[in-house]
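Here is the structure we will look at.
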Amino acid sequence: MYKCTEHLNCSGKNISLYAQDGELKFERCNDCGIIWRSPDSMHILKPYEQAYFDSKSYSKRRKHKVKKSGWLIDMARLHHLKLSKLLEVGCSIGHTLEAAKNRNINHLGIDISNYAVEFCNKLGLNASVSTFDQLKEVGNKYDLIFMQHVLEHFENPFSTLLDCHNLLNDVGLLLILVPNSKYKRAVKYNSKHRFYSLNGVGSEHFSYFNYSNLRKVLQASGFKVVQENYPVFMARHNSFEFFVNRIFRRSLSFFNSDQEILVIARKTDK
Ligand SMILES: [Zn+2]
């Protein structure tokens, strides 16, 4: 049954169909509110290679994306003043890695796509097609693990978070961005929305969270949430442009109009 029965003590009985597009089905656990890909549609997968990056115009507006990733790193640095080693899981074509390099933060990105990793390497960024197990064998530990729209791509988010826990230093941080299951348009349009449709990202994703259940998932995985959403005030690394951007994003969330949720969590004892 769904992993929340094992890790969040959900009953596993309070399940209802949430969205269906042909063979692709999502069910909601009404105990925790997590929306899971149904077991009978787990076989539907989308290839993740160069076409993926092309289809999303990934290399466009690189400068802008590096800047925004940098802002996220800066927010994490507020909670970890000596942050010097960053691991990005699902580094894609390296926007975050480039932002880390610009800040003299030691960085490594991993991705399942050869195309993405080669793209990073050509830019002089450290990236490899490694698994969590390979990283654990190497034995390096990190101050920040960055997962931007990645957790929802894993079948079992709890085991992914356990892997992150093992790869972090004692007071290490995890920064997560995932789609927001309460996003107004996705709730309204349901299976016609790209979150749940075959033509959208539904066939790439296995779970959808909101702030409340992501916090529970993190607590159950040995993390304490230190920040949800964008802060209004920042004592360091601030800029007027970033301030305006943060206020804008916070006001979106007020109306459930934010497509993604942002959480920073600190490793605790498990
Ligand atoms: Zn549940």
Where Ile35 and Ser181 come nearest, the two heavy atoms and their spacing
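Distance-wise, the nearest heavy atoms are CD1-CB, 3.9 Å.
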Taking the six-membered ring for Trp, are His205 and Phe26 ring centroids under 6.0 Å apart?
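No, too far apart.
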Taking it one step at a time, do Arg246 and Asn238 satisfy side-chain hydrogen bond (donor to acceptor under 3.5 Å, both in side chains)?
CA-CA 11 Å; Arg246 297 199 305 272; Asn238 209 351; 3.0 Å; yes
If you define the side chain from C-beta out and look only at heavy atoms, does anything of [X] sit under 4.5 Å from [Y]?
X: Cys164; Y: Met147; result: yes
X: Tyr211; Y: Val263; result: yes
X: Leu161; Y: Leu218; result: yes
X: Leu72; Y: Thr96; result: no
X: Ile44; Y: Glu23; result: yes
X: Arg194; Y: Asn199; result: no
X: His237; Y: Arg77; result: yes
X: Leu24; Y: Arg37; result: yes

Looking only at side chains, do [X] and [Y] share a donor and an acceptor under 3.5 Å apart?
X: Glu88; Y: His107; value: no
X: Glu204; Y: His153; value: no
X: Asn229; Y: Ser253; value: yes
X: Asp31; Y: Ser11; value: yes
X: Asn30; Y: Arg28; value: yes
X: Glu27; Y: Tyr2; value: yes

With a 4.0 Å cut-off, would you call [X] and [Y] a salt bridge?
X: Lys67; Y: Glu241; value: yes
X: Asp163; Y: Lys136; value: yes
X: Lys101; Y: Glu98; value: no
X: Asp258; Y: Arg249; value: no

Might you confirm whether atom [atom1] of [X] has over 12 heavy atoms from other residues, nucleotides or ligands at distances under 6.0 Å?
X: Gln134; atom1: CD; result: yes
X: Arg250; atom1: CZ; result: yes
X: Lys141; atom1: NZ; result: yes

Under a 3.5 Å distance rule, please check whether [X] uses its side chain to pair with a backbone N or O of [Y] as donor and acceptor.
X: Asp111; Y: Ala116; answer: no
X: Thr268; Y: Gly222; answer: yes
X: Ser191; Y: Ser197; answer: no
X: Arg236; Y: Asp74; answer: no
X: Thr160; Y: Asn156; answer: yes
X: Asn256; Y: Lys184; answer: no

Please state whether the rings of Tyr115 and Phe119 are parallel, tilted or perpendicular, taking 30° and 60° as the class boundaries.
tilted
Can you say whether the rings of Phe154 and Phe132 are parallel (under 30°), tilted (30 to 60°) or perpendicular (over 60°)?
tilted
Pair Tyr208, Tyr196 - check ring-ring contact (aromatic ring centres under 6.0 Å, His included), show working.
CA-CA 10 Å; Tyr208 286 95; Tyr196 307 107; 4.8 Å; yes
Can a cation-pi geometry be assigned to Lys85 and Tyr142, taking NZ or CZ under 6.0 Å from the six-membered ring centre and within 45° of the ring axis?
yes
Can you tell me how far NE2 of His193 sits from CG of Asp21, rounded to the nearest 0.5 angstrom?
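Atom-to-atom, Asp21:CG and His193:NE2 are 13.0 Å apart.
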Hey, what do you get for CG (Leu177) to CG (Leu175), rounding to the nearest 0.5 Å?
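Interatomic distance, Leu177 CG to Leu175 CG, rounded to 0.5 Å: 6.0 Å.
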In Trp71, Phe243, Phe242, the residue satisfying side-chain contact (heavy atoms from CB on, under 4.5 Å) with Met234 is Phe242
Please say which of Val178, Val225, Asn180 ends up in a side-chain contact (heavy atoms from CB on, under 4.5 Å) with Leu214.
Val178
